[in-house]
Amino acid sequence: MENVIECTNLTHRYGSKLVLNDLNFIVKKGRIFGLLGKNGMGKTTTINILMGFLRPTSGQCMVLGENSHSLSPKTRTRIGLLHEGHLAYDFMSVTQIEKFYASFYPAWRKEFYYELIDKMGVSHDHKLSKMSCGQRSQVALGLILAQNPELMILDDYSMGLDAGYRALFLDFLQAFVQENKKTVLITSHIIQDLEKIIDETLIIGRQKVLLQMTIREFMRTFHRYSFQSSRSDLMLEQDDFIKNYENIKNKFTVYTFATVDDCQKYLQNHGIEFADFQEIPMTLEEAFIGLTGKY
Amino acid sequence: MYKSLLYKEWLKIRYFLLGYCIIFLFIAGYLFLDIRHMLTMGKPIEIWLYIIQYKMLFYRIVKFIPLLGGILMGLTQFGPEMTKNRFRLSFHLPLPEIKMLLFTIGVGSGVFLIINLFFYGGILLVVAKYFASEIVISTAKTILPWFLSGMAGYFSTAAITVEHSWKYRIILILVAGGLISLMLSERGYEEHVFVIWQYIIIIVMLAVTIIFPGYRLRKGSK
């Protein structure tokens, strides 16, 4: 399968502060790829490099076969960008902005745009500056759908949106992507919404990749176990085996990729007595917090 | 595609242009009434004394209007592009970035130049209504640097607005401020007549200055 995005040895510093350290990932054609990570882990930096607005300290990102830093105008017609905060020319009205963008994109489908606009019941001469954040997000998405690009990069689409607008956004996006076989790279702070839409995820932690795999595989192989221990001072070592743990009043919760048997063996080998050992199912958001930690 | 860019610029500047035209019509009207009042109420010898002897620039009210207009025009055009990182929208359009930037500034300066030519002519017509051709020619030569300062103000404001590093922004403000104050410093008539071409060269240089902050902005370097 063809790689639409290919980042190799991506490293970036802001002055002496290292933000990305040797990041490698690929996004294959036709996939919906979630770039996840807690605040300050380098998501926006990665997106800015992918969009060509930031030159990495070292390494490179290839987007549709071209270096992201010098994308040709022709390649840019194949990429739809949703900027953080649903950035748009808000001095324009609904009709004006559609009219403005239409001539730039040969595959322009204005019916996609107006379908979303009409769903909101907004008049076509409504100024973007007078719209709510939710309404602006639909305008921004509508413009990207009308552009009909091969690759969509959606930076924090959920910012400022209530549950209704988030659902509307994702429903339209999902229908469009499935119907037209598009590739999407998406970031969001609201992980739970992404569970039903993304195929694959890359979770970045402090200067390292925590994991890259399909959502199905992640949710199948990543586990949360809880057990009671009589030792209140018990400290577990976070390593390749134990990804994270919590201890609240002698009730331990462990996050790991190990099976039940392997986890129990691990505890026994480390001389840890336990009782009431059980696996607790997780949502994607809980798994994300389990992997990255609450703090 | 460039027609679309033209459309976007028109949407941004149309209200400013309307406001600028109204202000200039008001200024021209005021100048007309002021001269008429002066000629009606004053004695010929007094007028001669003030205009010729004391070098009183009776059209001084026009002096800072083109500069103010240029600054506001630059802000109207480039302010919305630079707030909230909106320049990213333009830089993702499928056009060569620098060409697009030059097109944008070309549209702005072209429109501003045409309007100022009308105002320049309008002021001279008002003067010609009451004074001899020698004074009209002298007025044309005296107020030309003021209008040139408007163009310089426009190009400088555009470059300063696009510039995202405060260090370079301050340098640009100092350089542009110095050059513009040269164009506006006079104590009498026609004092800049021998340096008009130099001013035009300075304006052309200010016009292309935007390429540098624009390029650095696109490439994400400070």
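Note on naming: letters A, B, ... go to the chains in the order of the sequence lines (proteins, then strands), and numbering restarts at 1 for each one. Please read all numbers here as calculations on a predicted model, not as lab measurements.
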Checklist line | A:F91, part contacting chain B, at a heavy-atom distance under 4.5 Å | finding: side chain
Next item on the list: For the residue pair B:F87 and A:F53, categorise the inter-ring angle as parallel (less than 30°), tilted (30 to 60°) or perpendicular (more than 60°).
Entry: perpendicular
Notebook entry, point to check: Using the benzene-type ring in the case of Trp, are the ring centres of B:F24 and B:Y20 under 6.0 Å apart?
Noted result: yes
Margin query: Can you tell me how the ring of A:H12 sits relative to the ring of A:Y14, calling it parallel under 30°, perpendicular over 60° and tilted otherwise?
Written below: perpendicular
Next item on the list: Name the region of A:Y105, side chain, backbone, both or neither, that has any atom closer than 4.5 Å to a heavy atom of chain B.
Entry: side chain
Check: What part of A:E84 lies closer than 4.5 angstrom to a heavy atom of chain B: side chain, backbone, both or neither?
Finding: neither
Check: Between A:L54, A:T75, A:L81, which residue shows the highest count of heavy-atom pairs closer than 4.5 Å to chain B?
Finding: A:L81
Next item on the list: Please work out which of the three classes, parallel, tilted or perpendicular, describes the rings of A:W108 and A:Y101, given edges at 30° and 60°.
Entry: parallel
Check: Any idea which heavy atoms bring A:A146 and A:Y113 closest together, and the distance?
Finding: CB-CB, 4.0 Å
Next item on the list: Give, as side chain, backbone, both or neither, the part of A:H69 having an atom under 4.5 angstrom from any heavy atom of chain B.
Entry: both
Next item on the list: Mind telling me whether A:F112 and A:F176 have parallel, tilted or perpendicular rings, with 30° and 60° as the class edges?
Entry: perpendicular
Check: Is it the backbone or the side chain of A:I49 that comes under 4.5 Å from a heavy atom of chain B, or both, or neither?
Finding: neither
Checklist line | B:P80, part contacting chain A, at a heavy-atom distance under 4.5 Å | finding: side chain
